[in-house]
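Worksheet: one structure, shown below.
Source: prediction; values computed, not measured. Heavy-atom basis, side chains included; hydrogens, waters and symmetry copies ignored. Here, residue 1 is the first one in the sequence, and each next residue gets the next number.
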Amino acid sequence: EASASVLLLRTCLVLLTFPVYLLSFLGMWEPFCRKVFFPFILEKVCIFHDKKSKKHKLELFRNLPDFRSPSGELRLLEIGTGSGSNFQFYPSGCRVTCTDINPNFQESLTKNMKKNQHLHYERFLVAAGEDLHQVPSGSVDVVVCTLVLCSVQSVSSTLREVLRVLRPGGAFYFLEHVAAEHSSWKYFWQQVCFPTWKLVFAGCCITRELWKNLEEAKFSELKVQHISLALPWTPIEPHIVGYGVK
């Protein structure tokens with residue numbers, strides 16, 4: 001019965017967002033979404049999400065300096081940098097390499113780089129999380145990834161690349177939205193929204209159980225906390241936050 005009501009409500013959503021489905025069918029939505037809509041909407045969502053997640057991020061990134069390399073430097077790689085909303089949380093003097101599969105965040109990224117001149121920006125790579133071949137193995141102390149694992153093609157391949165580029169003893173920091181408890185209304189709505197949400201928001205999957213992928217990856221130590229971020233009218237309230245050590 002639940003699945004019949006999910007299908008019915010999914011159909012209603014398709015009808016409501018029919019122009020997007022039509023543009024997608026004509027091959028016009030994806031380039032427009034990547035270049036214009038997604039960078040614009042993500043910047044707005046990030047401002048709102050940052051307010052809600054600020055205390056969690058302050059807590060999460062507090063021990064970043066513990067992972068400095070023996071030389072005293074902290075080399076940080078961020079996957080899916082987007083507009084650079086995490087820069088404010090990184091310690092002074094940190095050497096940052098930015099990567100994103102979408103190069104269309106330039107405007108807001110430049111704004112955030114100017115705001116955060118306590119950091120050294122090494123380079124910007126247009127790269128997917130699953131393929132960081134431009135980054136040498138064992139060359140970074142910390143990898144950061146927030147609200148990105150929901151939309152990578154393969155979570156396990158991305159985590160393999162994370163472990164490859166980290167030096168032994170380095171850490172991977174994450175804050176991601178995840179699937180709700182299966183018996184909950186939240187999960188029911190996630191099921192309803194899933195196909196339309198994924199299309200409208202550039203491949204974002206709202207029902208991934210990312211803590212399972214993290215447990216399967218080969219971290220020597222893993223700290224995962226399940227939290228709830230109240231984001232009204234969105235199906236992305238349940239989150240996980242934490243870090244894993246190589």
Side-chain angles (χ1 to χ4, degrees), residues 38-69 73-129 132 135 139-152 155 158-159 161-162 165-166 170-178 201-202 204 210 214 223-225 227 229 231 236 239-245:
F38 194 58
F40 170 78
I41 210 83
L42 196 70
E43 190 182 3
K44 303 285 173 272
V45 169
C46 274
I47 291 167
F48 185 58
H49 192 278
D50 284 346
K51 276 186 189 141
K52 297 285 181 183
S53 61
K54 187 162 189 175
K55 70 173 202 305
H56 295 289
K57 283 188 178 180
L58 283 167
E59 180 64 30
L60 173 67
F61 293 127
R62 210 178 47 188
N63 67 344
L64 270 177
D66 296 354
F67 292 98
R68 289 182 194 279
S69 59
E73 271 189 340
L74 183 66
R75 298 158 303 171
L76 184 148
L77 170 83
E78 182 163 3
I79 298 175
T81 306
S83 59
S85 62
N86 288 328
F87 293 161
Q88 56 182 309
F89 301 106
Y90 300 158
S92 204
C94 179
R95 310 189 85 80
V96 182
T97 297
C98 305
T99 73
D100 206 295
I101 195 168
N102 186 346
N104 298 299
F105 292 99
Q106 238 30 65
E107 203 179 312
S108 43
L109 182 67
T110 308
K111 203 161 64 186
N112 269 324
M113 286 167 97
K114 285 202 179 104
K115 248 193 243 168
N116 293 282
Q117 298 199 353
H118 64 292
L119 307 173
H120 298 294
Y121 300 101
E122 302 272 270
R123 53 188 183 148
F124 184 95
L125 306 172
V126 177
L132 301 169
V135 183
S139 65
V140 297
D141 304 302
V142 166
V143 175
V144 172
C145 187
T146 62
L147 303 186
V148 171
L149 292 179
C150 56
S151 54
V152 296
V155 179
T158 302
L159 293 176
E161 277 291 78
V162 164
V165 302
L166 277 175
F172 171 58
Y173 285 77
F174 54 88
L175 186 150
E176 299 283 345
H177 64 82
V178 291
F201 296 107
C204 171
L210 294 169
L214 286 157
K223 291 189 175 2
V224 182
Q225 191 188 353
I227 61 169
L229 292 182
L231 300 164
I236 56 168
H239 284 61
I240 54 169
V241 59
Y243 65 93
V245 180

On a heavy-atom basis, which atom in L210 and which in E176 lie closest, and how many Å separate them? CD1-CB, 3.6 Å
Taking the side chain from S92 and the backbone from L119, do they hold a donor-acceptor pair closer than 3.5 Å? no
Counting the benzene-type ring for Trp, do H49 and H177 have ring centres under 6.0 Å apart? no
With side chains defined as the heavy atoms from C-beta onward, is the minimum distance between Y90 and N116 less than 4.5 Å? no
Between F67 and L76, is a side-chain contact (heavy atoms from CB on, under 4.5 Å) present by the stated rule, with each step listed? CA-CA 10 Å; F67 292 98; L76 184 148; over 6 Å; no
Check: T146 side chain, F174 main-chain N or O, donor-acceptor pair, under 3.5 Å: no
So do the side chains of V142 and Y243 get within less than 4.5 Å of each other, counting heavy atoms only? no
Could you tell me if the side chain of K57 sits less than 4.5 Å from the side chain of D50, heavy atoms only? yes
Side chain to side chain contact (heavy atoms under 4.5 Å, CB included) with S83: which of L109, D100, N112, T110? N112
Nearest heavy-atom pair of S53 and L229: which atoms, and what distance? CB-CD1, 3.8 Å
Hey, does Q106 have a side-chain heavy atom less than 4.5 Å from the side chain of P39? no
Heavy-atom nearest pair, S69 first then R75, reads CB-NH2, 3.8 Å
Output for pair (I240 CD1, K223 NZ), nearest 0.5 Å, gives 15.0 Å
Test item: E59 and V241 side chains (from C-beta on) under 4.5 Å apart, heavy atoms: no
No-hydrogen, no-angle side-chain donor-acceptor test under 3.5 Å, Y173 and N63: yes
Would the number of heavy atoms belonging to other residues, nucleotides or ligands and lying under 6.0 Å from CD of E107 be above 12? no
Where do H239 and L175 land on the side-chain contact (heavy atoms from CB on, under 4.5 Å) test, with the steps shown first? CA-CA 7 Å; H239 284 61; L175 186 150; 3.7 Å; yes
Can you find a pair of side-chain heavy atoms, one from C98 and one from F87, that are under 4.5 Å apart? yes
Does the side chain of L74 reach to within under 4.5 Å of the side chain of P91, using non-hydrogen atoms? yes
Quick one: does R95's side chain have a donor or acceptor within less than 3.5 Å of a partner on E122's backbone? no
Carefully, step by step, assess F38 and N104 under the rule side-chain contact (heavy atoms from CB on, under 4.5 Å). CA-CA 9 Å; F38 194 58; N104 298 299; over 6 Å; no
For G170, does its backbone N or O pair with a side-chain atom of D141 as donor and acceptor, under 3.5 Å? no
Find out whether I79 and V162 are in side-chain contact, i.e. whether some heavy atom of one side chain is under 4.5 Å from a heavy atom of the other. yes
Does atom CZ of F48 have more than 12 heavy-atom neighbours, drawn from other residues, nucleotides or ligands, at distances under 6.0 Å? yes
So, taking the atom named OG in S85 and the one named NZ in K54, what distance separates them when rounded to the nearest 0.5 Å? 11.5 Å
Does atom NZ of K114 have more than 12 heavy-atom neighbours from other groups under 6.0 Å away? no
For A128 and I101 the tightest heavy-atom approach is CB-CD1, 3.7 Å
Consider side chain to side chain contact (heavy atoms under 4.5 Å, CB included). Of L132, V144, L166, which one does L77 pass it with? L132
